[in-house]
Number of protein chains: 2
Amino acid sequence: MKENKKINPHPYIERYDLERIFPEEFIPKVTVYTFTKGDVLFAPGETLNDMYLLVEGKIKIFTLTPEGKSLINRFKRPLGVVGDVEYVKGNSVINSVEAVSDGVMLAASFEDLKVLERNHPPFIRFLLETVAHKFYSESQASSLHMLYPVEVRLASYFLSISSDGEGTLFHQEMRTANLTELAEWVGTSYRHLNRVLKKMVSDEIIERANGSIKIKDLEKLRDLANGNIYE
Amino acid sequence: MKENKKINPHPYIERYDLERIFPEEFIPKVTVYTFTKGDVLFAPGETLNDMYLLVEGKIKIFTLTPEGKSLINRFKRPLGVVGDVEYVKGNSVINSVEAVSDGVMLAASFEDLKVLERNHPPFIRFLLETVAHKFYSESQASSLHMLYPVEVRLASYFLSISSDGEGTLFHQEMRTANLTELAEWVGTSYRHLNRVLKKMVSDEIIERANGSIKIKDLEKLRDLANGNIYE
DNA sequence: TTCCGGAAAGGACATATGTCCTAAAGCCTT
DNA sequence: AAGGCTTTAGGACATATGTCCTTTCCGGAA
């Protein structure tokens, strides 16, 4: 990820209505960074000096164990925030962050934010809401993971991305690029994911054809997910 | 839980240095509640009108599934906060909350807090730090749960409560009252917990004598926990 | 002291999930 | 079209964990 002075932050500030958190005078202090698919954006242990707002693209936050296992904590799209908790708690980066697509971030230094926080209440309110929401969804996901088997979590995931009613099909549209990633997201092994998918096919809940997955029976899927929805 | 007008909130406010978040004028708006061991303090779905500060006693936050399984999300001791996320996000109570011992809470209405928030920045800073910390530890615990087997989580738990160095013994001192509760805390069944405990005994990591558990080999425990510590 | 219910301990068996491995299919690149 | 890499599929087996049940133990109520 690197600073990109050619890009003007203003369009993003308007698009995401950031004037509410960054007053006019603050905007010159905002830096624009661009990143490329696959970039490692942050690594655990790293010390952060800026907070970032994701305004374009998609990134994933994940945990790597010493043993090499990997677990996706969450995906972020605009307007995701990175470094908020580090800013508040003053600790170093906890998880790995990687770019899933090309994208753009706006950055503001902790130092500047400290001043902003003092003079501009809406900013801290924004932070508070951001963190509260992160806590809320983390907490939901955590319970879901602890209490239900992969099949249920997977059903829940499918529901969460099939927007609303129709037996939506998500082809390349699936939010995870491939099955390996999906496995890391649901928190299981590729092998097991495959097993569960197979079962869902034989239960006539989904259909699979060359890599694409289609929901066949939304009702059954709902039953299975049992009211649990990611996010 | 019920209001208790006989109790003066001031000693608590001093003990926990709450003047920093509640200015003098606000204190008359604080209500004192007392509760008794076993009380159900809050139930999921309930609408909250107040935020609570736990100033005495111990409570547990847990999730109950429709199937009747139960999972302890966390314990709280003073100065724990309940209802902060609900205040910020405006949603209803997410988890069940139950008193583990007798105790006391200070309450302030959301309505009053809204005013306070506007006039007294330290309060919102306090909230932000509280929520950030909750998120941080929830996130750690969640990864730990997803990535490691019960044995590791248990080792981690033992470490977290054995304060520091010495092969501390925790008898009735164990933060969970009994093995059933410990199982819910580690997120497993009683049966399996027992199995793992037995293994730890035969590995000479701990010793068991009539309900008490003693750490025998702190080094092995550390190896096992593998750098993971709750909280 | 006797009786009862809950907590502890663990056997037997079922299920969920992980690890290792092999084969086939798909897709680039040359 | 041929090779090589990644992704998909799934067999075989091992391990982690859950469910159900029985026995024993212990402290409090009668």
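Values below: every heavy atom of this structure, side chains too, minus hydrogens, waters and symmetry copies.
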Can we say B/K89 and A/E129 salt-bridge, meaning some charged N sits less than 4.0 Å from an Asp/Glu carboxylate O? no
Do A/E67 and B/Y148 meet the criterion of a side-chain donor-acceptor pair at a distance under 3.5 Å? yes
Distance-only side-chain donor-acceptor flag, A/N73 / A/T63, under 3.5 Å: yes
For nucleotides 18-21 of chain C, print each protein N/O atom paired with a nucleotide N/O atom at under 3.5 Å, atom names and distance only.
| from | atom 1 | to | atom 2 | distance (Å) |
| --- | --- | --- | --- | --- |
| C/dG18 | OP2 | A/T188 | OG1 | 2.4 |
| C/dG18 | OP2 | A/S189 | N | 3.0 |
| C/dG18 | OP2 | A/S189 | OG | 3.1 |
| C/dG18 | N7 | A/R195 | NH2 | 2.9 |
| C/dG18 | O6 | A/R195 | NH1 | 3.0 |
| C/dG18 | O6 | A/R195 | NH2 | 3.3 |

Are the ring centres of B/F42 and B/Y52 closer than 6.0 Å? yes
Would the A/F75 and A/W185 ring centres measure less than 6.0 Å apart? yes
Output the single nucleotide from C/dA7, D/dT8, D/dG10 whose closest atom is nearest the side chain of A/K198. D/dG10
Please pick, from D/dT17, C/dA9, D/dG10, the nucleotide with the shortest atom-to-atom distance to any side-chain atom of A/R208. D/dG10
What is the distance, rounded to the nearest whole Å, between atom [atom1] of [X] and atom [atom2] of [N]?
X      : N      : atom1 : atom2 : result
A/M146 : C/dT17 : CE    : C1'   : 15 Å
A/N178 : D/dT7  : CG    : P     : 6 Å
B/H145 : C/dA16 : NE2   : C1'   : 17 Å
B/Y190 : D/dT23 : OH    : C1'   : 13 Å
A/N194 : D/dT6  : CG    : C1'   : 15 Å

Derivation and outcome, side-chain hydrogen bond (donor to acceptor under 3.5 Å, both in side chains), residues B/D102 and B/T36: CA-CA 4 Å; B/D102 293 358; B/T36 306; 4.7 Å; no
